[in-house]
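Just so we're on the same page: letters track the sequence lines, and every chain starts at 1. As the structure is a computational prediction, the values presented were derived from the model and not from experiment.
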Number of protein chains: 2
Amino acid sequence: MANLDRSLIAGLDVFESMTAADLDRIVGQARSMRIARDQPVFEQEQDAHSFFLLLDGHVRVVKSTPDGHEVTVRYISPGELMGIASALGRTTYPANAIAAVDCVVLAWPSQLWPTFATSFPNFSANTYKTVGSRLQDAHTRVIEMATEQVEQRVAHALLKLIKQSGRKTDEGLMIDFPLSRQDIAEMTGTTLHTVSRLLSAWEDQGLIKSGRQRVVVVEPHKLLVVAECRTPKG
Amino acid sequence: MANLDRSLIAGLDVFESMTAADLDRIVGQARSMRIARDQPVFEQEQDAHSFFLLLDGHVRVVKSTPDGHEVTVRYISPGELMGIASALGRTTYPANAIAAVDCVVLAWPSQLWPTFATSFPNFSANTYKTVGSRLQDAHTRVIEMATEQVEQRVAHALLKLIKQSGRKTDEGLMIDFPLSRQDIAEMTGTTLHTVSRLLSAWEDQGLIKSGRQRVVVVEPHKLLVVAECRTPKG
DNA sequence: CGTCCATTTGATCAGGGTCAAGACGAGTGG
DNA sequence: CCACTCGTCTTGACCCTGATCAAATGGACG
């Protein structure tokens, strides 16, 4: 619980242009936690006692519907905030956050937020900028779901994932956490069957390589052509 | 441009628990504008010079895609903020805002936001609460698009509209601004043809009455049954 | 009275969901 | 080290929802 150093968070976007002293004050009130793969960081409808910063790993944010569907809202990468319900006046978390791999997170009690917001206006502004871009992302997804074919949505989803979590390998850009066909289906509003067919077709065309819970994009450029292909409705 | 009184905004959610003096200071820096029906309040990609409060009327917020699609993000009702890009660190508006009927709005220059945020913490917190619920709405729509049939999405859309803009009449709850089949289609990611067929069917069943750009929900309860009907995928 | 736009309705058809079955690979326990 | 099991992935066949194409109807307004 001790020995947290400001070097953990210095350099991250949300802490941009803050003094070392402020970073110390912030980090000093955090506790760090390890979350094992497939374990929740926080859960939908739970009391939002803390907000979090992902230091290492990848977290999947999923909303469950009453009728048993799961829709993946986004993946969180290292350096990103999550569970910031308190900054938006909510008292419960709106979704489940599941560790896609073993993770390390920092956690602050939610009741610190009002103090942080007034004491560190830069931090506050950067946080709301994050919120703004997530709102933007959500609207983009609504638009994709409304106007694009499944093939384009899946292509866009893969491109987004390699942009935010792509790791260069000799074969191409690998998504560096386990990602099943089912996971992709939950991101794009389709079924694992359709995703499987699409990935198989793309593999035949040499656009990607894939295996069990693993996807490598070999030809991002050509995949982008698929994603932007105009065969819309309307 | 003068004669703006705090009574215009007192009592609105976003100005909850603020003093008369603060309301005066805020309203004193606004200018009021009339926007004629079908005219823009602000436009996508434009420099976000101002943020707005809708005093009277209804505004449709629409995103246009490069390939000519239009997706309606939400309708704004009197008392709601809009164009608050500046509060989220954006410099341009993310969407078009079109007056669905003749409107009256208050406008503040965007550069006032940082001052407002620090001077009126209640106003700031309430604004971010609004942002939070819009993020929530956006995610709800993603989930609807991913898991529901068109019929259920259209039913949900109508129910949302009567909840936020329903006016009681002797026939039922009327959506009190012009709303075409095309408008409903743009909210739900379908076509005007499908919407027309659904509304016709519902009219035959006595759930609604409708006409040119006009929808009255006669049996909200039964419509809710349609909206919640479980015939999902997965 | 004529024009324009919103709406209705029918016919067709394909994208992709559903159902079904099997193959593959990883981890486990004997 | 091997057999077994379980979860992921693949692939085929079928069919339904809802998009597309086409055309007619009906108000509203000048």
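- Distance from the side chain of A/H193 is smallest for C/dA20 among the nucleotides D/dC9, C/dT7, C/dA20.
- Across the interface with DNA chain C, nearest-nucleotide mapping of B/S180 and A/T194 shows B/S180 to be the residue nearer the 5′ end.
- Residue B/R153 contributes atom CZ, which lies 14 Å from atom P of D/dT17 at whole-angstrom precision.
- The shortest distance between side-chain heavy atoms of A/D183 and A/F177 does not fall below 4.5 Å.
- Atom pair A/E203:CD and D/dT8:P shows a separation of 19 Å (rounding to whole Å applied).
- As judged by a 4.0 angstrom heavy-atom cut-off over every strand, B/S196 is placed among the base-contacting residues.
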Side-chain donor-acceptor distances from residues 157-166 of chain A under 3.5 Å, at least two apart:
residue	atom	partner	partner atom	Å
A/Q164	NE2	A/Y75	O	2.9
A/Q164	NE2	A/S77	OG	2.8

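- Straight-line distance from the CE atom of A/M145 to the C1' atom of C/dG17: 14 Å, rounded to whole Å.
- As rounded to whole Å, 15 Å separates atom P of C/dA6 from atom CG of B/L199.
- Contacts of B/R212 with the nucleic acid, taken as non-hydrogen atoms under 4.0 Å apart, include base atoms.
- In this structure, the NE2 atom of A/H69 is 13 Å from the C1' atom of C/dT18, given to the nearest Å.
- Atom CG in B/L179 sits about 12 Å away from atom P in C/dA6, given to the nearest Å.
- For the OP1/OP2 pair of D/dT8 and a distance below 4.0 Å, the side-chain nitrogens and oxygens of A/Q182 include no atom meeting the criterion.
- Distances shown here put a side-chain N or O of B/S200 below 4.0 Å from the OP1 or OP2 atom of C/dT9.
- Atom P of nucleotide D/dG7 and atom CG of A/D38 are separated by 13 Å, given to the nearest angstrom.
- With the nearest nucleotide of DNA chain C identified for both A/E151 and B/R214, B/R214 has the one nearer the 5' end.
- Contact check, B/T190 against D/dA19: a side-chain N or O comes under 4.0 Å of OP1 or OP2.
- Although no hydrogens or angles enter the test, the distance criterion places no donor-acceptor pair under 3.5 Å between the side chain of B/R37 and the main chain of B/D102.
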query: When you look at B/E70 and B/R60, which way does the salt bridge (charged side-chain N to carboxylate O under 4.0 Å, His left out) test go after all the steps?
result: CA-CA 11 Å; B/E70 308 245 297; B/R60 177 166 31 113; 5.5 Å; no
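- The interatomic distance linking A/R181 (CZ) with C/dA23 (P) rounds to 19 Å, in whole Å.
- In terms of phosphate contacts, B/R197 brings no side-chain nitrogen or oxygen within less than 4.0 Å of OP1 or OP2 of C/dT9.
- No side-chain donor from either of B/H69 and B/E186 sits under 3.5 Å from a side-chain acceptor of the other.
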